[in-house]
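Notes for the one structure printed next.
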Amino acid sequence: MTAAVAQTPGPLAGRCVILADAELLARHAAAWLLNRALGTPGRIAVCLAGGETPRPVYSLLAQSPYRDCFPWDRVHWFWGDERCVPPDHPRSNYAMVRAALLDRIPVSAAQIHAIPAAEGAAHGAAAYQAELQRFYGADALAPGRPLFTATLLGVGLDGHTASLFPGAAALRETVHWTAAVPEGTPEPRVTLTYPALNSSAALAFVVSGAAKRPVLQRLVRGDDMPVAHVHPFGRLNWFLDRDAAP
Ligand code: 6PG
């Protein structure tokens, strides 16, 4: 049962939904993604978050009832960022999504658009941008035609999202859709930039656990952090569990 739904002012503007625990949070996020997919005619582009928080969301999607209803044949899968590690490495966001979801649902290789980050951040960023532009069918993002149907993002303890870390040059990228993050730790990264993340018809931050409460409190206080500068074309949603809620 949703604990609280609020139209909150300030940085958590948009729709903030607070769920009683991590399990209900994962179910809410999975249902949101399913509803976005079912409400989208034709091709669906889903941009997935890495890290640990969304893993249970992806696992749920591979189970009934979500698995039975999801329009799998129309969905294309993308990532918001990737670590520069091999695609079977324990720290790979691709490997995490494969294990939690893609290996357990009907999907063709043509529907999976992994970030080729293992060859290095600069190469991965260039290759991923080319893939995104091929999929989108244009080299420039049109304001009224979002690249992604739905985007899931997490928030790091330092206020980063995707691999847009505080102070990273990628934060200042306003043209390219992707960026290399050589300063990423513990390994270099490839990330979508604000223009690409903002080109989402709907976007949801999924944040769980007491450890994330301080960063959300900082966000509500108006601290300048990368996560504060995500302004999607469509609706911005915050899905929190009670432990994380500021
Ligand atoms: C990554 C993610 C990153 C993540 C946050 C939160 O590659 O690490 O894209 O932005 O969403 O760091 O990570 P957790 O969900 O593991 O707390």
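Basis for what follows: all heavy atoms, side chains included, without hydrogens, waters or symmetry-related copies.
Between the CG atom in Leu197 and the CZ atom in Phe148 there is a gap of 7.5 Å [rounded to 0.5 Å]. The CG atom of Leu61 sits 5.5 Å away from atom CZ of Phe70, with the distance rounded to the nearest 0.5 Å. Annotation: the span from Asp73 atom CG to Ile44 atom CD1 amounts to 8.0 Å, rounded to 0.5 Å. The line from NE2 of His229 to OH of Tyr194 is 5.5 Å long, rounded to the nearest 0.5 Å. For the atom pair Arg242 CZ and Leu24 CG, the distance stands at 9.5 Å (nearest 0.5 Å). Here the CZ-CG distance, from Arg145 to Leu147, works out to 8.5 Å after rounding to the nearest 0.5 Å.
Put simply, the side chain of Gln111 gets close to the backbone of Ser108: a donor and an acceptor are under 3.5 Å apart. The backbone N or O of Trp177 sits less than 3.5 Å from a side-chain atom of Gln129, completing a donor-acceptor pair. With hydrogens and angles disregarded, a donor-acceptor distance shorter than 3.5 Å links the side chain of Arg104 to the backbone of Ala100. The main-chain N or O of Asp88 is never found under 3.5 Å from a side-chain atom of Arg98 such that the two would form a donor-acceptor pair. No donor-acceptor pair under 3.5 Å is formed between the side chain of Thr178 and the backbone N or O of Leu192. Checked by atom type and distance alone, the side chain of Glu82 never pairs as donor or acceptor with a backbone atom of Ala114 at under 3.5 Å. No donor-acceptor pair closer than 3.5 Å links the side chain of Glu187 to the backbone N or O of Cys84. For the pair Gln63 (side chain) and Pro65 (backbone), a donor-acceptor distance under 3.5 Å is absent. Although no hydrogens or angles enter the test, the distance criterion places a donor-acceptor pair under 3.5 Å between the side chain of Thr149 and the main chain of Ala45. Arg213 places a side-chain N or O within donor-acceptor distance of the main-chain N or O of Asp243, the cut-off being under 3.5 Å.
Across every non-hydrogen atom of Arg67 and Pro106, the tightest pair is NH2-CD, 4.0 Å. Nearest heavy atoms, Ala150 versus Trp32: CB-CH2, 3.9 Å. Here the closest heavy-atom approach between residue Phe233 and residue Gly144 is recorded as CE1-CA, 3.8 Å. The heavy-atom pair separating Lys212 from Val155 by the smallest distance is NZ-O, 2.9 Å. What you find for Thr191 and Ser163 is that their closest heavy atoms are OG1-N, 3.1 Å. Counting all heavy atoms, side chain and backbone alike, Ala118 lies closest to Pro87 at CB-CD, 4.2 Å.
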One pair to check against side-chain contact (heavy atoms from CB on, under 4.5 Å): Phe205 and Leu236. What are the steps and the verdict? CA-CA 8 Å; Phe205 284 102; Leu236 170 60; 3.7 Å; yes
Should Asn237 and Val17 be marked as a side-chain contact (heavy atoms from CB on, under 4.5 Å) after you check the CA-CA gap, both sets of side-chain angles, and the distance that decides it? CA-CA 8 Å; Asn237 299 275; Val17 180; over 6 Å; no
Applying side-chain contact (heavy atoms from CB on, under 4.5 Å) to Met96 and Tyr58, what does each step give before you reach the verdict? CA-CA 9 Å; Met96 182 270 284; Tyr58 306 150; 3.7 Å; yes
Candidate pair Trp77 and Ile105, rule side-chain contact (heavy atoms from CB on, under 4.5 Å), full reasoning: CA-CA 12 Å; Trp77 303 97; Ile105 59 161; 4.2 Å; yes
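A cation-pi arrangement is found for Arg43 relative to Phe135, the charged atom lying closer than 6.0 Å to the ring centre and inside a 45° cone about the ring normal.
In the hydrophobic clustering of this structure, Leu60 groups with Leu101; members are Ile, Leu, Val, Met, Phe, Trp, Tyr whose side-chain heavy atoms approach within less than 4.5 Å, directly or through other members. Linking ILVMFWY residues whenever their side-chain heavy atoms come closer than 4.5 Å, directly or via other members, places Val107 and Val97 in the same cluster. Transitive grouping of hydrophobic side chains (ILVMFWY, heavy atoms separated by less than 4.5 Å) keeps Val85 and Leu102 in distinct clusters. Side-chain heavy atoms closer than 4.5 Å link hydrophobic residues (I, L, V, M, F, W, Y) into clusters, and following such links, even through other members, never connects Phe165 to Leu153. Under a hydrophobic-cluster definition in which Ile, Leu, Val, Met, Phe, Trp and Tyr are linked whenever side-chain heavy atoms come within less than 4.5 Å, directly or via other members, Trp238 and Leu33 are assigned to the same cluster.
With a 4.5 Å cut-off on side-chain heavy atoms, Arg83 and Ser92 do not count as touching. Between Pro116 and Glu131 the shortest side-chain heavy-atom distance does not fall below 4.5 Å. Two residues are said to be in side-chain contact when any heavy atoms from C-beta on lie closer than 4.5 Å; Val206 and Pro54 fail this criterion.
Considering Asp158, Asp224, Asp223 as possible partners of Arg218, the one that fulfils the side chain to side chain contact (heavy atoms under 4.5 Å, CB included) test is Asp223. The only option from Leu240, Leu19, Leu25, Asp21 that meets the side chain to side chain contact (heavy atoms under 4.5 Å, CB included) definition with Ser208 turns out to be Leu25.
The aromatic rings of Phe78 and Tyr128 are tilted relative to each other, their planes meeting at an angle between 30° and 60°.
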